Q: 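One structure coming up, written as structure tokens, with questions to follow.
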Amino acid sequence: MSNIIEIKNITKEFKVLNRREGLKGSLKDLFSRDYKIVRAVDNISMNIEQGEIVGYLGPNGAGKSTTIKMMTGILEPTSGEILVNDYVPYKNRTRNAQNIGVVFGQRTQLWWALPLVESFKILKDIYGVSDKDYNDMIELYQSLVDIEPLLHKPVRQMSLGQRTLSDILAAFLHNPKIVFLDEPTIGLDVSMKSKIRTLIHALNKEKNTTVILTTHDMGDVDALCRRIVIIDKGKMLYDNDIEHLKGFFGYYRTLKIRVGGDLKQTAEKIRAQLPEFSVSADDEWISILVDEAKSKVMDVLSQLQKSYKIRDMQLEEISTEEVIKKIYEEGVK
Amino acid sequence: MKRKSLGFYFRIYRKILAQDLKSKMSYRADFIISTIGMIFTNIAGFVSFWILFQNFPSINGWGYYEMLFLYGFSLVSLTPVQCFFDNNWALRNQVYSGDFIKYCFRPINMFFYFQSEVFDIKGLGQFAFGLGTLIYSWNKLGLEFSPLMLLKMIVFLITASLIMIALQNAAAATCFWIQNSFFVLDLVTKFKDYARYPITIFSPVFRFIFTFVIPIAFIAYYPSLVVLRPDEVPILSWISPIVALVFFFLSYKLWMRGAMKYNGTGA
């Protein structure tokens, strides 16, 4: 498969005015301006293939939007190379725009006063979509979501969920090669979130559209992305499959058991027995954080079964959310 | 991909306009109230003009009907800016909130896309009122009417419109660089009220400013001289169509340059 996006060592720097404090400082700023260079994106490289769904993650202010703006051709990188669909996006902004779709979670790009179907028709003209392609797309939409009630409703009367849904449909309408979704599920209720995830997934499958998704909702990531890229402070921290992510800090699983008698005392004993793992107890459960690189959970369980009468047990996987949190907080070692 | 043709933009604009009008009509109360408001605005403007002339029979050699002609001319020539470029007033807010970024993602001209979003129907009433005034004063002045005259009228009305559009574009585009651009836009809009007076009434300093710095004298005065006083048309009147085109082009370039410089405010 071919790469639809190729990014090689891109860096983006902004010149920011160093503001001095207080009134006196502001007066000084008027006369002598002291700029500092802020590196929003720092030497990032990645290749994205046609048809991938990539979760682009990072804490607020990590440089996600800046990267996306460079991919959409709004910003010119300070250095490095970027190719989207074989073109340099900032040199060919309109040509690039023909092949991409963009959705910003809370900002609609539809015509505020117009019913959705009229917005679609205008977009059809703008992108030069043929009647047949347009009708096929609408048919596909109808098979995926219930759009009938939306089609004749002015955008301004829509709920946030309906609007986001409409924006996503509008972004896919001209069958772009790449769709950028910036926090598409922000502020939505659970059922709408799942509806939107299903829709994105289906459109990706059906049209082989590349999707670049930025989000803070790990539900989105788990439901949609096979590959994730994490950046922070402009630097790339992680770029790999989501399965590898879970093993990033070792394959940890939490084994929880319930036994008779005093839990605290039992926990003490287990701690002595299994010095390599951390053991804790609350009112109901004894939790043992097992590093699977050292021994398998099942072995630990059978070992414990010999000494204690286990009434109940639970096995908890470490969640994507926890791993990401750990990466944001600790970085990569 | 080849450049989109003028016909393409015209088609798109027509579609957006038709839909926009349809949706505006469906908000009936809103439509009626703004129509009434517009009628009153025009009447009030006219009344103040009329009171002025009850007290001064002429201003610097300009009689009542000549002044009325100038007044009508400025109303008509200010219509396009009101109807088609009203979104310029919203530019500032969109730039600060970051909503402006959406205009960067479509494969069409950004300036067109932005301006096409709003059609202000209020301008139409102004147009009707201005046209009525113009025809009325034309009759009263006993000006000749010939196809050539009509052609001149149309050319110079377009000239005047372009100047005002250019002024507004340039004023609105300042928001890409400065924080309080509202005052610039407001100032330019206030100045346009002076457009309906003959420039000869101002002191030489202001005459210079209104001709070369903020060229509002081109909105009504210089162009209407061609029709009103064909014997004393200054050279500035004849070159005003070219001035208008150049000025419009420059304002468009300034606007686009600002838009290109713009890169959203964070996420």
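Just so it is clear: chains get the letters A, B, ... in the order the sequence lines come, proteins before strands, and each one is counted from 1. From a predicted model like this one, the values you see are computed outputs, not experimental measurements.
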Q: Considering only heavy atoms, give the residues of residues 75-91 of chain B separated from chain A by less than 4.5 Å, sorted numerically, with 'none' for an empty result.
A: none

Q: What distance do A:L114 atom CG and B:D20 atom CG have between them, rounded to the nearest 0.5 Å?
A: 6.5 Å

Q: Restricting to side chain to side chain contact (heavy atoms under 4.5 Å, CB included), what partner residues turn up for B:S251, sequence neighbours left out?
A: B:A166, B:N169, B:A170, B:F248

Q: Go through the atoms of A:I126 and report whether side chain, backbone, both or neither lie under 4.5 Å from a heavy atom of chain B.
A: both

Q: Salt bridge or not between A:D125 and B:R11? Use side-chain N to carboxylate O under 4.0 Å.
A: no

Q: Can you sort out the partners of A:K132 under salt bridge (Lys or Arg N to Asp or Glu O under 4.0 Å), two or more places apart, ordered by chain and number?
A: A:D136

Q: Would you mind reporting whether B:E117 and A:W111 have side-chain heavy atoms less than 4.5 Å apart?
A: yes

Q: Answer yes or no: is there a side-chain heavy-atom contact under 4.5 Å between B:R106 and A:L123?
A: yes

Q: Decide if atom NZ of A:K207 counts as having more than 12 heavy atoms of other residues, nucleotides or ligands within a radius under 6.0 Å.
A: yes

Q: How long is the straight-line distance from CD of A:Q109 back to CD1 of B:I101, given to the nearest 0.5 Å?
A: 9.0 Å

Q: Above 12 or not: heavy atoms from other molecules or residues under 6.0 Å from OH of A:Y134?
A: yes

Q: Check whether any side-chain heavy atom of A:T94 lies under 4.5 Å from a side-chain heavy atom of B:I108, and answer yes or no.
A: no

Q: For the interface with chain A, which of B:Y9, B:Y103, B:F8, B:F105 has the highest count of heavy-atom pairs at distances below 4.5 Å?
A: B:F105

Q: Counting only non-hydrogen atoms closer than 4.5 Å, does B:I12 touch chain A with its backbone (N, CA, C, O), its side chain (CB onward), both, or neither?
A: side chain

Q: Does atom CZ of B:F202 have more than 12 heavy-atom neighbours, drawn from other residues, nucleotides or ligands, at distances under 6.0 Å?
A: yes

Q: Does CZ belonging to B:F111 count more than 12 external heavy atoms closer than 6.0 Å?
A: yes

Q: What residues, two or more places apart in sequence or in another chain, satisfy salt bridge (Lys or Arg N to Asp or Glu O under 4.0 Å) together with A:K124?
A: A:D131

Q: Go through A:E76, A:R156, A:H174 and name the one with the most non-hydrogen pairs under 4.5 angstrom from chain B.
A: A:R156

Q: Return the NZ to CD distance between A:K121 and B:Q19, rounded to the nearest 0.5 Å.
A: 7.5 Å

Q: Please determine whether the number of non-hydrogen atoms from other residues, nucleotides or ligands lying under 6.0 Å from atom CD1 of B:I178 exceeds 12.
A: yes

Q: Evaluate whether atom OH of B:Y13 has more than 12 neighbouring non-hydrogen atoms of other residues, nucleotides or ligands under 6.0 angstrom away.
A: yes

Q: Return the minimal non-hydrogen interatomic distance between A:A97 and B:P107, and the atom names on each side.
A: CB-N, 3.6 Å

Q: Treating A:R107 as the side-chain partner and B:K102 as the backbone partner, does any N or O pair qualify as donor plus acceptor under 3.5 Å?
A: no

